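Here is the structure we will look at.
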Amino acid sequence: MSKYLQMWEDLGLDIDKHNVLLDALPAVYQNVYLSQENRPEGMKYFNFVVSEIHGLRVKELVEHKNKGGKVFGTFCVYVPEELIIAAGGVAVGLCGGTDFSIPAAEEVLPRNLCPLIKSAFGFKLSRTCPYFEVADLVVGETTCDGKKKTWEIFGEYAPMYVMELPQCKGEQDKELWLHELYRFKDKVEEITGNAITSEKLIDAINIVDARRAALQRLFDLRKSDPSPISGLDALLISQIYFYDDAVRFTKQVHELCDELEERVKKGEGVFPKGKTRVLVAGTPMPIPHWKLHDIAEKSGAAIVCEESCVGTRSLTGDTEIKGDSLDDLLQSISERQFKVNCACFTPNDERIDDIINLAKEYKADGVIQYVLQFCQPFSIESVKVQKALEKAGIPSISIESDYSIEDVGQLQTRIEAFLEVIG
Ligand code: BJ8
């Protein structure tokens with residue numbers, strides 16, 4: 001990684017602190033990922049991406065900028081990546097998934113805030129994430145209170161733009177969101193200096209939809225018993241979805257799926273047939289937050305699906321192109337996005353239906369509701385989800401956690417007990 005030292009210095013990273021972060025990753029990755037048995041060959045590409053997570057991909061982004069391109073940092077699947085790509089930009093996810101950067105955030109923000117937000121904000125404050133430093137514009141949204149109030153402070157540290165995401169899904173909310181797409185289009189054009197034409201937008205929609213279809217293919221293969229891939233590996237791929245070049249990622253996921261299809265045909269899986277199948281539902285798990293999957297799969301579960309934005313919520317629907325004018329295309333993008341059922345909306349009964357349908361489709365023996373600490377939308381919504389699961393006869397437990405390792409023993413005990421009951 002020292003070959004990237006100059007690049008990191010040029011980006012203004014705190015090299016000493018950044019070294020501490022990078023030095024810790026290989027041992028964790030070995031313990032969580034490389035120690036798994038029977039992994040598909042196709043995971044080699046994704047191992048490589050992780051090994052280069054602050055190296056090669058960042059270098060690609062720097063080269064893109066050197067050629068006049070722009071980089072947009074995002075935190076939510078509602079931010080329309082299609083517009084960024086259509087203007088020749090690149091979008092990268094900035095959600096934080098480690099407690100490494102949280103102490104820096106807690107010097108500024110209240111401690112009783114979701115770790116996803118604190119981790120991201122801490123990366124910016126401590127200058128230990130090259131993706132923040134390479135971004136020309138950071139795009140936030142008004143989803144939960146934690147995020148929208150943090151953006152007010154974040155704007156003091158980086159160029160910041162906030163999209164107003166409505167909290168309901170009525171006609172006036174859809175109008176507001178469509179208006180926000182137009183406003184964002186203007187902003188993207190201003191930052192990149194490139195006009196978004198309908199031809200370019202159709203190409204961008206196709207790129208994003210193709211990537212979504214590839215990941216959906218992977219998820220569909222997980223419906224088999226035995227599952228051809230571990231939940232841990234699938235989670236990693238869903239996390240890399242937010243960083244990698246979209247076209248390359250799509251190709252690599254299809255290559256992996258070809259291999260997994262062979263496994264399914266032969267009745268081979270990463271675990272033995274009949275392993276206890278679990279659906280995880282709840283808050284996103286940004287890289288490298290692998291705690292729940294690691295504990296659950298080491299305790300004897302096969303995690304077969306994630307109802308999460310690092311999971312099925314990112315896969316929601318295809319963009320139905322009904323006309324080729326810019327107005328038609330923006331309308332199509334907003335219609336697809338409004339099918340994403342995030343707990344920041346009210347009412348949000350469609351998400352409850354999604355969870356029950358997914359549990360059936362993926363033949364889950366039980367559901368683990370996973371909520372990051374201090375996430376009010378998902379935490380409160382978990383009450384209704386639990387009742388609905390009970391009514392549908394699907395066993396579930398609710399787990400609240402953060403990025404620390406302090407509760408690992410306690411979680412393991414609870415998950416083992418749950419698996420024993422449902423297994
Ligand atoms: S569409 S899930 S990506 S908002 S976990 S920061 S909600 S306190 S991430 Fe999300 Fe968009 Fe919704 Fe998806 Fe707040 Fe909760 Fe933290 Fe969260």
Side-chain angles (χ1 to χ4, degrees), residues 72-81 91-99 101-102 105-106 109-124 138-154 162-169 173 177 180 184 212 215 235 238-239 241-243 280-287 289 291-292 306-317 333-334 336-348 350-352 354-355 369-382 385 398-403:
F72 295 74
T74 66
F75 297 93
C76 180
V77 298
Y78 265 90
V79 174
E81 192 181 348
V92 284
L94 292 180
C95 292
T98 166
D99 60 356
S101 51
I102 287 181
E106 287 180 345
L109 295 173
R111 298 191 69 196
N112 56 349
L113 187 61
C114 145
L116 184 153
I117 300 170
K118 284 192 291 189
S119 176
F121 190 66
F123 270 126
K124 180 66 199 167
V138 175
V139 187
E141 13 54 51
T142 56
T143 42
C144 61
D145 286 352
K147 273 183 171 178
K148 72 184 172 218
K149 297 311 285 182
T150 298
W151 307 146
E152 293 174 14
I153 303 170
F154 200 97
V162 179
M163 298 188 78
E164 185 181 348
L165 186 71
Q167 313 276 284
C168 301
K169 289 186 177 173
D173 305 300
W177 184 243
E180 281 298 285
F184 186 59
R212 207 179 289 121
L215 197 57
L235 173 67
S238 295
Q239 291 170 332
Y241 176 95
F242 293 95
Y243 293 85
V280 172
T283 45
M285 297 178 183
I287 199 165
H289 187 45
K291 183 162 81 173
L292 178 78
E306 295 79 26
E307 185 278 329
S308 155
C309 281
V310 184
T312 56
R313 285 201 295 275
S314 295
L315 305 177
T316 310
I333 291 171
S334 82
R336 188 201 69 75
Q337 289 183 309
F338 258 74
K339 293 180 192 151
V340 178
N341 299 319
C342 166
C344 294
F345 285 92
T346 183
N348 193 33
E350 293 90 346
R351 178 168 170 253
I352 296 173
D354 287 348
I355 294 171
Q369 285 207 74
Y370 184 74
V371 178
L372 285 173
Q373 207 178 30
F374 305 118
C375 171
Q376 288 190 339
F378 281 92
S379 170
I380 298 169
E381 194 160 283
S382 72
V385 174
S398 297
I399 286 179
E400 186 178 273
S401 187
D402 59 14
Y403 295 162

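As the structure lists them, so they are numbered: ligands from 1, and atoms in each ligand from 1. Predicted model, so just to flag it, every value in this text is computed and none were measured.
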task = Look at the side chain of Tyr403 and the backbone N and O of Gly96, then say whether any donor-acceptor pair between them is shorter than 3.5 Å.
result = yes
query = Quick one: which ligand 1 atoms are inside 4.0 Å of a heavy atom on Ile117?
reply = 6 (S)
task = Consider ligand 1: state whether an atom of it lies below 4.0 angstrom from any non-hydrogen atom of Pro284.
result = yes
message = Test your reading of the model: is there a side-chain donor-acceptor pair from Ser101 to the backbone of Ala120, 3.5 Å cut-off?
response = no
Ligand-side contact atoms (ligand 1) for residue partner Phe75, heavy atom cut-off under 4.0 Å = 3 (S)
task = Mark up the atoms of ligand 1 that fall under 4.0 Å of a heavy atom belonging to Phe378, in ascending order.
result = 2 (S)
ask   = To which of Gly282, Cys76, Cys309 does the heavy atom nearest atom 13 (Fe) of ligand 1 belong?
value = Cys309
key: His289 to Tyr370 - nearest heavy-atom pair and separation   = NE2-OH, 2.7 Å
Lys118 (side chain) donor-acceptor with Leu109 (main chain) under 3.5 angstrom = no
Taking every non-hydrogen atom, the tightest pair across Met285 and Gln239 = O-NE2, 2.8 Å
query = Among all protein non-hydrogen atoms, which one is nearest to atom 15 (Fe) of ligand 1, and what is the separation to 0.1 Å?
reply = Cys375 SG, 2.3 Å
task = Go through the steps to decide whether Asp402 and Lys291 satisfy the test salt bridge (Lys or Arg N to Asp or Glu O under 4.0 Å), and finish with yes or no.
result = CA-CA 9 Å; Asp402 59 14; Lys291 183 162 81 173; 3.7 Å; yes
ask   = Which of the atoms in ligand 1, numbered in the order shown and given with their element, are less than 4.0 Å from a heavy-atom of Arg313?
value = 2 (S)
task = Please answer whether the main-chain N or O of Glu141 pairs with a side-chain N or O of Trp151 as donor and acceptor at a distance below 3.5 Å.
result = yes
request  = Starting from atom 10 (Fe) of ligand 1, locate the nearest protein heavy atom and write down its residue, its atom name and how far away it is, to 0.1 Å.
outcome  = Lys147 NZ, 3.7 Å
key: Contact check: Cys144 to atom 16 (Fe) of ligand 1, N/O/S below 2.8 Å   = no
task = Could you tell me which atoms of ligand 1, counted from 1 in the order shown, lie closer than 4.0 angstrom to a heavy atom of Cys342?
result = 1 (S), 2 (S), 4 (S), 12 (Fe)
query = Taking all non-hydrogen atoms of both residues, which atom of Arg336 and which atom of Thr316 are closest, and how far apart?
reply = NH1-O, 2.6 Å
inquiry  = Among all the protein's non-hydrogen atoms, which is closest to atom 16 (Fe) of ligand 1, and how far away is it?
reply    = Cys114 SG, 2.3 Å
remark   = Closest heavy-atom pair, Trp177 versus Pro166, reported as atoms and distance to 0.1 Å, is CE3-CD, 3.9 Å
Numbered atoms and elements of ligand 1 in range of Thr143, under 4.0 angstrom, heavy atoms = 4 (S)
task = Look at atom 5 (S) of ligand 1 and say which protein heavy atom is nearest, naming residue and atom and giving the distance to 0.1 Å.
result = Thr283 CG2, 3.6 Å
